Amino acid sequence: MVKRTNYAGLINEDYVGQEIDLAGWVQKRRDLGNLIFIDLRDREGILQLVFSQEFSETALALADTLRAEYVISVHGKVQARSESAINPKMKTGKVEVEVTAIKILNKAKTPPFYIEDNVSASEDLKLKYRYLDLRRPEMAAGIRTRAQIMKSVHHFLDREDFIEIETPDLTKSTPEGARDYLVPSRVYPGSFFALPQSPQLFKQLLMGAGFDRYYQLARCFRDEDLRGDRQPEFTQIDLETSFLDAEEIQALTEGLIAEVMHDEKGLDIPRPFPRMDWDEAMARYGSDKPDTRFGMELQDLSDFFKDSSFKVFQNAIANGGQVKAIVLSGAADKYSRKDIEGQQEHIKRFGAKGLAFVKVTEDDLTGPAAKFLKEQRTPLLEKLGAKAGDLLLFVADTKKVVADSLGYLRVHFGHKLGLIDESKFNFLWVLNWPLFEYDEGIQRWTAAHHPFTMPNEADLHYLDEGEDPHQAYAQSYDIVLNGYELGGGSIRIHTREIQEKMLRALGFTKEKAQAQFGFLLDALDYGFPPHGGLAIGLDRFAMLLSNRDNIRDVIAFPKNSKATEPMTNAPMPVAPTQLDELGIEVEKPLD
RNA sequence: GGUCCCAUGGUGUAGGGGUUAUCACGCCUGCCUGUCACGCAGGAGAUCACCGGUUCAAAUCCGGUUGGGACCGCCA
């Protein structure tokens, strides 16, 4: 086989006159009889090849037998196309290669879907033939964006004197957090390793070991149901530092992100990034990861409607809830009553009992709720900054239901109304999270971030016996990008005293705490430095920089939404002998 | 665990009780020397996901199963 001299996708006018050797896939054949055009595709792009008896009779004959996705190598001369033959839609459209020799390296069956961007094949089919899907330029681009990010991260953190350290994948199951993926131990039947949900405790222990600045592109595993931005295995840009406070860690993170944005997008993101307290984010956006590319903020009308004749509003307020609204500017005529009632169905998922709405006309309000609000039209519009032509949406309920519902509607209509500038990258720090959150399912308080998060200094006393720990806020911070939680971190607890208090507040007895986290508690006794860190979701970062809406698109071999892998058919039942060795008996054999 | 949606040639689809099962792309054959969504002529290709029910008659209606997608719960 002849050595390839160039990538097809990189050939341009500079190469005119040169003899080159290319290798790649047949994207398209256009057979005009004694003149055949082949679009040759390789990892860098597509280039037109010309076959004619003028250049080679043999090559022309072989070109006639080419089909889509055949793998070929060619030798030929780069020529400028005549003015009328230039294709402005192609990067290589000013040139073509006159082929004097061709070798068919392999044939191909007709692929089950077209190898081109914007294919409409089902997700399932594309995953089954993932190696074909990845041939599509937009898919390859996502994978390469991911690689670029990793490269920038290595460069930046290496320059900042971080030490890359690997932590175990076979580790210990922990009761807090997500469901573990378990790995049975052959040597100790009945005992299991767990795959790490994150390297959290190991990286803290590395601080205890004195490494001072650690990082890792860490694979993490969580056995929970999937979403567009969640896969059971994913990668974190994981870092931890000693002796830095939250602001210093944030500044460092901003440097890291700015470098990635510069390298990958050529953008200079202004620093410092905007910051917002968690309470404020929830109040203004109904979300702990607000998309700040557009306004339409939630406005609190609880005081305004305190004495309202509208019973729905009044009752919600009397029961300790809220009334909030969003203003859809100029949208009064864009949506029918039916459209809005459709949205009402959507927010029932969040527990909302209803969605009140009015359309603002020149001197009136219309819609089902109008009669209750008409009298207050002028002060209401003034309070909301609304005007004729606007559509007002109200939700009256508990604080959480109001935030979830209006938070969802804000994002939904923000997209629908085209308020979002898709070219923007709005980074935002969300600070001062609650230390705990109430888990309705198991009826107890759990760590909002994780159990090793340091409370705010002023809130430390809430962890004391007899106090209400649930009022405490944490020294934790999330980095948000365009409405996605890109990453998060915190200052960690570095004394045994506070860590024990924390575990007690979470319902651990002293014995259980020692059994589960004894290795950490003991380590804290041996001169543990103050420390903190953060982890960024590499998959989400790559997804957002590639303008995709599913992290599958930036993972070479992802799972489908049912947590299986259609190409290899994993997971699969295993041979009984394998189970015997592990001392495992399966209740209901699957075959 | 729950809710909603989808399943028809290789791919995307039309069809909502009786059809020769629609169309486009793709595929195959032939013709064609400037195409790039090539063109022209012809052709092949579908147990309408599976099982059961209703009916004289089911791709179509009903029930279930399987597979897939989105969301809630769950998950940082």
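What you see is a predicted model, and the numbers here were worked out from it, not measured in a lab.
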If you check every side-chain atom of [X], which of [options] has the closest atom?
X: A:Asp225; options: B:U35, B:G68, B:G1; value: B:G1
X: A:Ala178; options: B:G34, B:A70, B:C75; value: B:C75
X: A:Ser52; options: B:U35, B:U33, B:C38; value: B:U33
X: A:Glu224; options: B:C74, B:A76, B:G34; value: B:C74
X: A:Arg227; options: B:G68, B:C36, B:C71; value: B:C71
X: A:Leu125; options: B:C28, B:U11, B:G69; value: B:U11
X: A:Lys562; options: B:U35, B:C75, B:G69; value: B:G69

Between A:Tyr285 and A:Val411, does a side-chain contact (heavy atoms from CB on, under 4.5 Å) hold up when you go through it step by step?
CA-CA 9 Å; A:Tyr285 298 97; A:Val411 171; over 6 Å; no
Is any side-chain nitrogen or oxygen of [X] closer than 4.0 Å to OP1 or OP2 of [N]?
X: A:Asn87; N: B:U35; result: no
X: A:Ser561; N: B:A70; result: yes
X: A:Lys28; N: B:C38; result: yes
X: A:Thr110; N: B:C27; result: no
X: A:Asn550; N: B:A70; result: yes
X: A:Arg230; N: B:C74; result: no

With sugar-phosphate meaning primed atoms plus P, OP1 and OP2, does [X] contact a base, only sugar-phosphate, or nothing at under 4.0 Å between heavy atoms?
X: A:Leu226; answer: nothing
X: A:Arg552; answer: sugar-phosphate
X: A:Gly177; answer: sugar-phosphate
X: A:Asp229; answer: nothing
X: A:Arg81; answer: base
X: A:Ala448; answer: base
X: A:Ala85; answer: base
X: A:Lys89; answer: sugar-phosphate
X: A:Asp124; answer: sugar-phosphate
X: A:His450; answer: nothing
X: A:Glu96; answer: base

Parallel, tilted or perpendicular: ring planes of [X] versus [Y], cut at 30 and 60 degrees:
X: A:Phe350; Y: A:Tyr408; answer: tilted
X: A:Tyr181; Y: A:Phe221; answer: perpendicular
X: A:Tyr129; Y: A:Tyr131; answer: perpendicular

Would you find more than 12 non-hydrogen atoms of other residues, nucleotides or ligands less than 6.0 Å from A:Trp429 atom CH2?
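More than 12 heavy atoms, drawn from other residues, nucleotides or ligands, come within 6.0 Å of this atom.
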Would you say A:Lys172 has more than 12 foreign heavy atoms packed within less than 6.0 Å of its NZ?
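Yes, NZ of A:Lys172 has more than 12 neighbouring heavy atoms, counting only those of other groups under 6.0 Å.
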In whole Å, I'd like the distance from the [atom1] atom of [X] to the [atom2] atom of [N].
X: A:Asp238; N: B:A76; atom1: CG; atom2: P; result: 14 Å
X: A:Gln236; N: B:C75; atom1: CD; atom2: C1'; result: 12 Å
X: A:Glu116; N: B:G26; atom1: CD; atom2: C1'; result: 10 Å
X: A:Gln197; N: B:C74; atom1: CD; atom2: P; result: 15 Å
X: A:Asn34; N: B:G39; atom1: CG; atom2: P; result: 19 Å
X: A:Glu565; N: B:G67; atom1: CD; atom2: P; result: 16 Å
X: A:Glu54; N: B:G34; atom1: CD; atom2: P; result: 12 Å
X: A:Leu435; N: B:A76; atom1: CG; atom2: P; result: 15 Å

Using atom [atom1] in both nucleotides, what's the gap between [N] and [M] to the nearest angstrom?
N: B:U11; M: B:C48; atom1: P; value: 15 Å
N: B:U60; M: B:G53; atom1: P; value: 14 Å
N: B:G63; M: B:G68; atom1: P; value: 23 Å
N: B:C51; M: B:U13; atom1: C1'; value: 26 Å
N: B:U22; M: B:A59; atom1: C1'; value: 13 Å
N: B:G18; M: B:A57; atom1: P; value: 14 Å
N: B:A21; M: B:C36; atom1: P; value: 36 Å
N: B:C31; M: B:U8; atom1: P; value: 37 Å

Watson-Crick or G-U counterpart of [N], or none if no pair lies under 3.5 Å:
N: B:U66; value: B:A7
N: B:U47; value: none
N: B:G26; value: none

Assess whether one donor atom and one acceptor atom, taken from the side chain of A:Tyr114 and the base of B:G10, lie less than 3.5 Å apart.
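Answer yes: a donor N or O sits under 3.5 Å from an acceptor.
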Does a distance-only test, which skips hydrogens and angles, find a donor-acceptor pair under 3.5 Å between the side chain of A:Asp31 and the base of B:C38?
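A donor-acceptor contact between them is absent.
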Candidate pair A:Arg275 and A:Glu280, rule salt bridge (Lys or Arg N to Asp or Glu O under 4.0 Å), full reasoning:
CA-CA 10 Å; A:Arg275 282 162 164 74; A:Glu280 185 184 349; over 6 Å; no
Given that A:Ala121 and A:Arg30 both sit by RNA chain B, which one's nearest nucleotide is further toward the 5' end?
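The residue mapped nearer the 5' terminus is A:Ala121.
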Which sits closer to the 5' end of RNA chain B, A:Phe350 or A:Val50, going by the nucleotide each is nearest to?
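Mapping each residue to its closest nucleotide by heavy atoms, the 5'-most match is A:Val50.
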Do any N or O atoms from the side chain of A:Gln197 and from the backbone of A:Ala178 form a donor-acceptor pair under 3.5 angstrom?
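Present.
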Side-chain contact, heavy-atom cut-off 4.5 Å: A:Met502 with A:Met454?
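Of all side-chain heavy-atom pairs linking A:Met454 with A:Met502, none is under 4.5 Å.
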Before you tell me yes or no, could you show the steps for A:Glu422 and A:Arg293 under salt bridge (Lys or Arg N to Asp or Glu O under 4.0 Å), namely the whole-Å CA-CA distance, both residues' side-chain angles and the distance that decides it to 0.1 Å?
CA-CA 8 Å; A:Glu422 299 285 349; A:Arg293 288 175 299 176; 3.7 Å; yes
Is the ring centre of A:Phe113 under 5.5 Å from the base ring centre of B:U11, and are the two planes under 30° apart, so that they stack?
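Taking the rule of under 5.5 Å and under 30°, the ring of A:Phe113 does not stack on B:U11.
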Where does B:G52 fall, syn or anti, if syn means a chi angle no more than 90° from 0?
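Chi for B:G52 falls in the anti range.
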